[in-house]
Protein chains: 2
Amino acid sequence: MTRSEAGRAQVLVVEDDKGIQELLRFTLVCGGCQPLCVETAEQAETALGGTLPDLALIDWMLPGKSGLALTRKLRGERRTRRLPIIILTARGEEADRVAGLEGGADDYIVKPFSPKELMARVQSVLRRCAPQFAAGTLTVGPLALDTVAHEVRVAGQRINLTPTEFRLLRFLMANPGRVYSRQQLLDNVWGDHVYIEDRTVDIHVRRLRVALGPAAEHVVETVRGAGYKLCAQPGTPPSEA
Amino acid sequence: MTRSEAGRAQVLVVEDDKGIQELLRFTLVCGGCQPLCVETAEQAETALGGTLPDLALIDWMLPGKSGLALTRKLRGERRTRRLPIIILTARGEEADRVAGLEGGADDYIVKPFSPKELMARVQSVLRRCAPQFAAGTLTVGPLALDTVAHEVRVAGQRINLTPTEFRLLRFLMANPGRVYSRQQLLDNVWGDHVYIEDRTVDIHVRRLRVALGPAAEHVVETVRGAGYKLCAQPGTPPSEA
DNA sequence: CGCGAATGTTACGGGACTGTGACGGCATGG
DNA sequence: CCATGCCGTCACAGTCCCGTAACATTCGCG
């Protein structure tokens, strides 16, 4: 589900020109997005330290660190690797387009742009990168996962998870009861073409179970020969009457 | 079922550079695929006139007709429209990535590539395009089989099945009332090119009946001299013509 | 009733699958 | 520079599953 379906898509805007920033903000709000505006790459990184937005809109020309450098950095870090990025560039900098796409941007927009074009591209990128998770709190059995605050609670008790454990649990909680093979989990939690051993999934499932503690570790079920799934009713052994 | 599960996936390789072609062939064979190599787009079209492969690996730079043109043509024809395509492109042609994906490719690989990466992407695309087992819940008599959750219930009571028992029951429930010989069951449940004793099927049928319990064991019927079938109405002897 | 073929039933050894602990690499932060 | 935390891989152990063999039973038929 796109966040544009359930709530507003959060868009991080990195733009030093106040006028353009206001235009972007206005356009995005009118288009149903929730903009978060900063002016420098450094501020952007600070903002990205918290909850990840659904999309980053980055100006090519920034004071200090350039938009390209920021893009490359975001692509280099696991946490932000899959964050959709749109580059804003001025007319006549066509050569930069190549560099921008090389740097990992998903799309680019040439200034001056029409609000219509901006929203079209934003929606397009959001749609393409969409199969994400609805904002809000997922609840399965004794588990509660806040996708915005990045918090997980077991019977109300807050626990700490590593990034991978969190994404794994989030994915499973988004589709409870559904069995996923190790490969499917790698595709959906780690990313499409990442070459990692199947068994690595087992390790993270174990670490996740340990982190969940005895109260909830059995919520993550092993389906022998098939994969793993989340069981909504723990303590219901499938034994016969 | 993907061919990668039962049998080797056939991959058409369109690459004019002999060295790279050999590397591709070697990598694919090691990865469990069955490559068919040609050097030009024309030869590729000829090869595609026969049995369709499971995947096409097309070099971007080809003598004469380009890989993009070939991709577009394949996407334009009904017969090859759904054929998964991966584009091979050289470093520095990143801009072509967009054109390639817009042209209808499912993925692209940048040369030079590692064998591991190649196989990861090939497998990923094959998985993504693999025909799925019909999702949903199959119901026959007192039996209910959830293909997604991998759960089986007898009169609402959940039971545990081993992987083979589950596949066997799933196949029978997908085609209730129809008689299958032991060999047919081996082909469909175990996979095509497996040589296993016929009697093994009997064993698993028994184990399945035991697992189903007295309430439903008679749903799996023996047709003497023919094989096994699932009877929708237990207690209703099949009326032959 | 007797016989052979087909099927049901039991037992068992090998192997596949998963759980578990440990290790080294890598990036981050001081 | 080191310390820390996270991650991916390896190796080992336990468990479960599966295919085969062997024996028992039932069915079909004369």
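First the proteins, then the strands, lettered A, B, ... as listed; each starts at 1.
For E22(B), the salt bridge (Lys or Arg N to Asp or Glu O under 4.0 Å) partners two or more places apart in sequence, or in a different chain, are R25(B). Listed by chain and number, the residues in a salt bridge (Lys or Arg N to Asp or Glu O under 4.0 Å) with E165(A) amount to none (sequence neighbours excluded). Residues passing the side chain to side chain contact (heavy atoms under 4.5 Å, CB included) test with L118(B), sequence neighbours excluded: L24(B), T27(B), L57(B), I109(B), F113(B), V122(B). Among residues two or more places apart in sequence or in another chain, the salt bridge (Lys or Arg N to Asp or Glu O under 4.0 Å) test is passed with R158(A) by E151(A). For the ring-ring contact (aromatic ring centres under 6.0 Å, His included) test, no residue two or more places apart in sequence or in another chain qualifies with Y228(A). Qualifying side chain to side chain donor-acceptor pair (under 3.5 Å) partners for D187(B), counting only residues two or more places apart in sequence or in other chains: none. By the salt bridge (Lys or Arg N to Asp or Glu O under 4.0 Å) test, R182(B) is found to be paired with D202(B), residues two or more places apart in sequence or in another chain being considered. Remark: F166(A) pairs with H150(A) by the ring-ring contact (aromatic ring centres under 6.0 Å, His included) rule, at least two apart or across chains.
Closest contact between the side chain of T222(B) and the listed nucleotides dT7(C), dC6(D), dT9(D) involves dT7(C). Considering only side-chain atoms of T162(B), the nucleotide from dC17(D), dT18(C), dG8(D) that sits closest is dC17(D).
Atom CG in D198(B) sits about 13 Å away from atom P in dG19(D), given to the nearest Å. For E165(B) and dC17(D), the CD to P distance is 8 Å, given to the nearest whole Å. The CG-P distance, from N160(B) to dT15(D), rounds to 18 Å in whole Å. The distance from atom CZ of R167(B) to atom P of dC17(D) is 13 Å, rounded to the nearest whole Å. Between the P atom of dT7(C) and the NE2 atom of H204(B) lies a distance of 17 Å, rounded to the nearest Å. For the pair W190(B) CH2 and dC17(D) P, the computed distance is 15 Å after rounding to whole Å. Summarising the geometry, the separation between NE2 on H218(A) and P on dG19(C) is reported as 12 Å, rounded to the nearest angstrom. Between the CZ atom of F166(B) and the C1' atom of dC16(D) there is a distance of 18 Å, rounded to whole Å.
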Quick test: give all pairs of protein nitrogen or oxygen and nucleotides 24-30 of chain D nitrogen or oxygen below 3.5 Å, distance rounded to 0.1 Å.
unit_1: dC27(D); atom_1: O2; unit_2: R224(B); atom_2: NH2; d: 3.4

Return the polar atom pairs (N/O with N/O) between nucleotides 9-13 of chain C and the protein under 3.5 Å, or none.
unit_1: dT9(C); atom_1: OP2; unit_2: R206(B); atom_2: NH1; d: 3.1
unit_1: dT10(C); atom_1: OP2; unit_2: R206(B); atom_2: NH2; d: 2.4

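Backbone-only contact: Y228(B) has heavy atoms under 4.0 Å from sugar-phosphate atoms and none from a base. In this structure, T200(B) reaches the bases: a heavy-atom distance under 4.0 Å links it to at least one base atom across the strands shown.
Side-chain contact annotation: T162(A) with R167(A), donor-acceptor N/O pair under 3.5 Å absent. If you check the side chains of R153(A) and T137(A), you find no donor sitting under 3.5 Å from an acceptor.
Side chain of Q157(A) to backbone of V154(A): no donor-acceptor contact under 3.5 angstrom is found. At least one donor-acceptor pair closer than 3.5 Å links the side chain of Q184(B) to the backbone N or O of S181(B). With hydrogens and angles ignored, the 3.5 Å screen pairs a side-chain donor or acceptor of K229(A) with a backbone N or O of A149(B).
Between R182(A) and dC17(C), a side-chain N or O to OP1/OP2 separation shorter than 4.0 Å is absent.
The end-to-end axis angle of the helix from dC1(C)-dG30(D) to dG30(C)-dC1(D), rounded to 10 degrees and based on five pairs per end, is 30°.
Around atom CD of E42(A), more than 12 heavy atoms belonging to other residues, nucleotides or ligands sit under 6.0 Å away.
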Nucleotide by nucleotide, 5' to 3', does protein get under 4.0 Å of the base (B), only the sugar-phosphate (S), or neither (-) in nucleotides 25-30 of chain C, counting heavy atoms? ---S--
